[in-house]
Amino acid sequence: MDSTPDRYCWPRVGLRRIPDDVIFYILDFLQSTALGAMTLANRHLQDLATPALYRYITIPKKEDKHVEHQESAARLLRTLSQRPSLTLLVRSLENAPPVIPLQLLSRISSEHTDPSDSQAVPPEEISSRDSLLGSGLADVMKSCVNLRSLTVDGEVPVLSFLETGNWLSFLLDRSINLKDLKLFVYPKGGIAMAAWNQFVARILEVQLSLEYLDYSFDNKTPVFAGEQMEKWTPKLRILGGTQVGGFEALLSSKRSIETMVVRSIPMMDFPHLLGSQLKSASNIKELIYHGPEKDSIDFGELFATMPWLSSFRGETWLSVPLEDFFLKVGTRIVAFLLSM
């Protein structure tokens, strides 16, 4: 007779028996969606997972879903407004939209208010009240004094962005000290572009602690005056962007830039257009390249332009003949890291 039991009975281990340090270690590997689910499991997990959930925030973003993107950001602002203690937890904010319409902020802020509050109130007073609610949500980010990294990603419709900066005006507050700022913003039309550039200039006049700046310049000529930029980003170590004009303008100033992140610039054009500035930038040791697919690169010419380079990381498909690489690079560089 077979004495094997029908099923194994494993000992049950409750979460209370798992040390909090182990749970904290597990939380570090979870994405925002999983962390949000953890906060709904029970009160103990909510207390443990909430700091991790709000420490590194990524706002959901889908292609061509601009309104949903803005709504997600507005609801985040509403949560931070209702629970001010959470603002001190925020260290990083990714996928932030450049614009959240004031009407949307007002609608989101009043979603959970009592409908009876609007009864017998003149329409003009309701509009004024909603405007105050919306601007209040926009100001809540000023309380995120521990915010160190911000990535803004999205489009700016024509005439929807003024020099006031919309909800991003908190970046003009000197209590906010960013280390990393990435601006993947694409204004539509010359007026929106001009307004955006003016606002970015105001940000860089205030955010003097920046060590990483990635900004999409709109053309191949500097959009800011050289004397205006002299006082900007004195601690800058990593510079990224999509247009040569932006690199040239910032490299012309004396900064200890160690890493360059090049996006959307054909690699064959890069040394020609920035040769004189790069040869004198002896602090640059690493080049990270996000370029067109199947782009080609001449490492011999690259190292003739950037003789101090010791690391190249390609984040796209590149054509690199190994024989050519070893002939032109191997004889010149003692220690070189190539990551593709």
Side-chain angles (χ1 to χ4, degrees), residues 2-62 68-69 71-97 108-109 111-112 137 139-153 170-171 173 175-182 207 209-212 214 235 237-238 258-259 261 286 288 311 313 315 337 339:
D2 187 4
S3 60
T4 304
D6 293 336
R7 71 179 75 178
Y8 291 102
C9 297
W10 299 101
R12 307 180 77 180
V13 179
L15 284 173
R16 292 288 185 179
R17 296 187 180 182
I18 301 177
D20 288 351
D21 290 344
V22 175
I23 297 178
F24 283 133
Y25 180 79
I26 296 172
L27 293 177
D28 286 339
F29 293 92
L30 300 182
Q31 301 295 326
S32 298
T33 304
L35 287 171
M38 293 279 281
T39 62
L40 301 177
N42 58 50
R43 178 56 64 87
H44 182 60
L45 282 180
Q46 182 183 55
D47 293 341
L48 298 180
T50 295
L53 178 63
Y54 285 92
R55 188 176 297 119
Y56 302 104
I57 300 174
T58 299
I59 298 176
K61 181 178 183 294
K62 296 181 180 180
E68 290 84 347
H69 186 203
E71 287 180 345
S72 297
R75 289 189 170 88
L76 169 64
L77 295 180
R78 183 187 64 193
T79 299
L80 295 177
S81 177
Q82 294 172 344
R83 301 178 61 186
S85 61
L86 296 178
T87 60
L88 299 178
L89 300 175
V90 182
R91 299 291 191 277
S92 173
L93 179 58
E94 302 286 327
N95 286 346
I108 295 298
S109 65
E111 275 184 351
H112 296 292
L137 283 186
D139 288 341
V140 73
M141 288 299 298
K142 293 180 181 179
S143 300
C144 297
V145 294
N146 294 316
L147 182 67
R148 294 295 177 264
S149 178
L150 174 66
T151 300
V152 183
D153 191 347
F170 76 93
L171 293 174
D173 195 298
S175 64
I176 304 297
N177 295 291
L178 291 179
K179 297 291 186 183
D180 299 350
L181 178 61
K182 304 179 186 69
Q207 296 299 326
S209 298
L210 285 177
E211 298 178 3
Y212 188 159
D214 197 321
K235 301 179 181 180
R237 295 186 304 104
I238 304 175
E258 302 169 359
T259 301
V261 182
E286 181 180 32
I288 302 174
S311 174
R313 189 161 80 233
E315 301 290 346
L337 174 63
S339 176

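The structure displayed is predicted, hence computed values, not measured ones. What's counted below: heavy atoms across the whole structure, side chains too, no hydrogens, waters or symmetry copies. Position 1 is the first residue of the sequence; numbering continues from there.
- For the side chain to side chain contact (heavy atoms under 4.5 Å, CB included) test, residues two or more places apart in sequence or in another chain that qualify with Q46 are T39, R43, T50.
- Under the side chain to side chain donor-acceptor pair (under 3.5 Å) criterion, D214 pairs with R263, not counting sequence neighbours.
- Residue L150 holds its CG atom at 6.0 Å from CG of L171, rounded to the nearest 0.5 Å.
- L35 meets the side chain to side chain contact (heavy atoms under 4.5 Å, CB included) test with L27, L30, A52, L53; sequence neighbours excluded.
- Partners of T33 by side chain to side chain contact (heavy atoms under 4.5 Å, CB included), not counting sequence neighbours: none found.
- Side-chain atoms of L147 and L178, non-hydrogen and from C-beta on, do get closer than 4.5 Å to each other.
- With sequence neighbours left out, the salt bridge (charged side-chain N to carboxylate O under 4.0 Å, His left out) criterion links R237 to E211, E258.
- Nearest heavy atoms, N177 versus Q207: CA-OE1, 3.6 Å.
- In this structure, CZ on R55 lies 12.5 Å from CG on L88, to the nearest 0.5 angstrom.
- Listed here is the closest heavy atom pair of K179 and S209: CD-O, 3.8 Å.
- Once rounded to the nearest 0.5 Å, the distance linking CD1 of I59 with CG of N95 reads 7.5 Å.
- Contact record, H69 with P60: CD2-O, 3.4 Å, taken as the closest heavy-atom pair.
- The shortest distance between side-chain heavy atoms of D20 and H44 falls below 4.5 Å.
- Qualifying salt bridge (charged side-chain N to carboxylate O under 4.0 Å, His left out) partners for R75, counting only residues two or more places apart in sequence or in other chains: E71, E111.
- Across all their heavy atoms, Y54 and L86 have their closest contact at CZ-CD1, 3.7 Å.
- In this structure, L210 CG and D180 CG are separated by 8.0 Å, a value rounded to the nearest 0.5 Å.
- Applying the side chain to side chain donor-acceptor pair (under 3.5 Å) criterion to T151, with sequence neighbours excluded, gives E94.
- The shortest distance between side-chain heavy atoms of S143 and L80 does not fall below 4.5 Å.
- Residues T87 and P84 come closest through the heavy atom pair OG1-O, 2.6 Å.
- Between atom CD1 of residue I238 and atom CD1 of residue I288 there is a gap of 7.0 Å, rounded to the nearest 0.5 Å.
- Partners of S175 according to the side chain to side chain contact (heavy atoms under 4.5 Å, CB included) rule, which considers only residues two or more places apart in sequence or in another chain, are V145, D173.
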